[in-house]
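Notes to accompany the following structure.
Chain A is the first sequence line, chain B the second, and so forth, proteins listed ahead of strands; every chain is numbered from 1.
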2 protein chains.
Amino acid sequence: MRIALLGGTGDIGQGLALRWAYDTSHEILIGSRTPEKARTKAEEYETELDSRGVETTINGFENAMAADRADVVVLAVPPYHVSDTVEEVADRLDDDTILVSPAVGMKGDEHGMHYHRPGAGSVTAVAAEAAPEGQPVVGAFHNLAADRLANLDVELDLDTLVVGNDGDAKETVQSLAEAIEGLRALDAGPIENAAEVESITPLVINIAKYNDGMHDVGVRFL
Amino acid sequence: MRIALLGGTGDIGQGLALRWAYDTSHEILIGSRTPEKARTKAEEYETELDSRGVETTINGFENAMAADRADVVVLAVPPYHVSDTVEEVADRLDDDTILVSPAVGMKGDEHGMHYHRPGAGSVTAVAAEAAPEGQPVVGAFHNLAADRLANLDVELDLDTLVVGNDGDAKETVQSLAEAIEGLRALDAGPIENAAEVESITPLVINIAKYNDGMHDVGVRFL
């Protein structure tokens with residue numbers, strides 16, 4: 001399968017790129033608004049993987065080019081760029097290309113981080129509203145501890161939650177998530193339930209802030 | 001220490017009463033709006049504990065009487081009764097009696113449960129607004145899997161999150177929580193961070209709904 005990581009030069013994009021390239025045979029494409037940046041990062045990831053004995057090709061493209069080639073497109077961009085990014089790539093998507101939304105809207109103050117719920121109800125819903133009619137949209141990978149994800153020396157042992165209204169697309173994303181070693185994907189229902197999923201991200205940041213020895217906090221449900 | 005569980009006849013109240021009575025030497029008082037109900041439940045808990053070789057006295061009272069005698073008052077009532085309950089017991093509290101808020105406002109629809117944020121920002125903030133000036137208020141025990149909590153045969157191995165603006169009160173509640181075997185209490189900051197903590201409760205209900213074999217779901221942060 002071909003997976004495009006738009007915003008694949010950021011921390012969650014980097015982590016997903018490295019983990020998928022390391023643990024699976026899926027082809028990874030890095031997207032960015034500036035193709036040079038995408039190519040530079042893709043080379044960095046290749047070098048990192050090569051140093052661990054994994055020979056793989058990761059290519060970098062401008063976002064629309066990456067989306068054009070992909071079966072699954074991960075919108076690993078800041079929440080306020082999700083809508084624009086979907087519109088930028090919309091006419092390059094096949095009918096069954098799956099859009100994946102991992103972004104979370106947050107606002108910080110002196111106490112900690114707080115969930116900032118968009119008018120659409122969640123960032124995943126923002127992506128769904130911006131997407132072409134009928135395009136499958138899945139929310140996932142919101143609450144991954146980014147530094148742990150990007151560090152291949154660390155075992156994950158974490159859960160991620162998946163929301164979506166297209167059962168097949170959700171299953172595909174769950175399988176992709178579980179192809180990463182130590183990651184379990186749980187179903188949190190349809191996109192209407194995305195706000196509660198996205199709310200975990202500010203919470204784990206607050207837990208890291210207020211508890212000694214905890215940083216880059218992830219979550220397990222049991 | 002004396003702990004009053006107002007609404008101690010409900011599921012979270014029952015679980016906390018049984019666990020504290022089983023694992024600690026704290027004195028447990030059950031409060032209810034109807035003292036007969038409180039006494040009946042208290043006897044039930046005593047019988048359950050007695051069957052496990054724990055001889056202890058649990059007394060039942062009308063809420064205000066229970067609060068009057070307690071060092072810590074847990075508001076284990078539905079979210080829409082938190083404000084009334086605090087006002088009902090307010091003039092019975094000592095200056096340093098700690099109010100603990102475990103309630104969460106939720107609304108369900110065909111998709112699942114959703115966090116219903118009160119105007120005050122969180123149910124914990126509702127309790128703090130209703131409390132006498134300077135009364136220590138702590139949010140905790142929101143996301144406990146109620147049936148597991150009440151079943152002494154089950155090992156918990158769960159986290160609970162604690163929020164509060166009075167450091168000493170928060171430490172006391174963290175200690176009380178960690179006196180329950182298998183329960184770890186993490187600091188999630190001040191009451192301003194309570195909404196993100198309370199939001200986990202609808203999420204774990206949704207996870208139980210959408211994943212086979214998961215029910216009464218709890219959480220661990222790691």
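- A donor-acceptor distance shorter than 3.5 angstrom exists from the side chain of A:Asn193 to the backbone of B:His111, with no hydrogens or angles considered.
- Among A:Asp159, A:Asp157, A:Leu186, A:Ile191, the residue with the largest count of heavy-atom pairs under 4.5 Å with chain B is A:Leu186.
- Contacts of residues 4-22 of chain B with chain A at a heavy-atom distance below 4.5 Å are absent; not one residue qualifies.
- Put simply, the side chain of B:Leu161 reaches to within 4.5 Å of the side chain of A:Leu203, judged on heavy atoms.
- Within the 4.5 angstrom heavy-atom criterion, only side-chain atoms of B:Val204, from C-beta onward, approach chain A.
- To the nearest 0.5 Å, atoms CZ (B:Arg117) and OG (A:Ser199) are separated by 9.0 Å.
- When every heavy atom of A:Tyr210 is checked against every heavy atom of B:Asp187, the shortest pair comes out as CB-O, 3.4 Å.
- For residues 73-97 of chain B, heavy-atom neighbours of chain A at less than 4.5 Å comprise no residues at all.
- Between chain B and the residues A:Asp216, A:Val217, A:Leu158, A:Asn211, the most heavy-atom pairs under 4.5 angstrom are made by A:Asn211.
- Under the 3.5 Å distance criterion, the side-chain polar atoms of A:Glu196 are left unmatched by any main-chain donor or acceptor of B:Ile200.
- Note: A:Ile207 leads A:Val197, A:Ile207, A:Asp109 in heavy-atom pairs under 4.5 Å with chain B.
- The environment of CD in A:Glu178 is crowded: more than 12 heavy-atom neighbours from other residues, nucleotides or ligands sit within 6.0 Å.
- Put simply, CZ on B:Arg148 and CG on A:Leu222 are 5.5 Å apart, with the number rounded to the nearest 0.5 Å.
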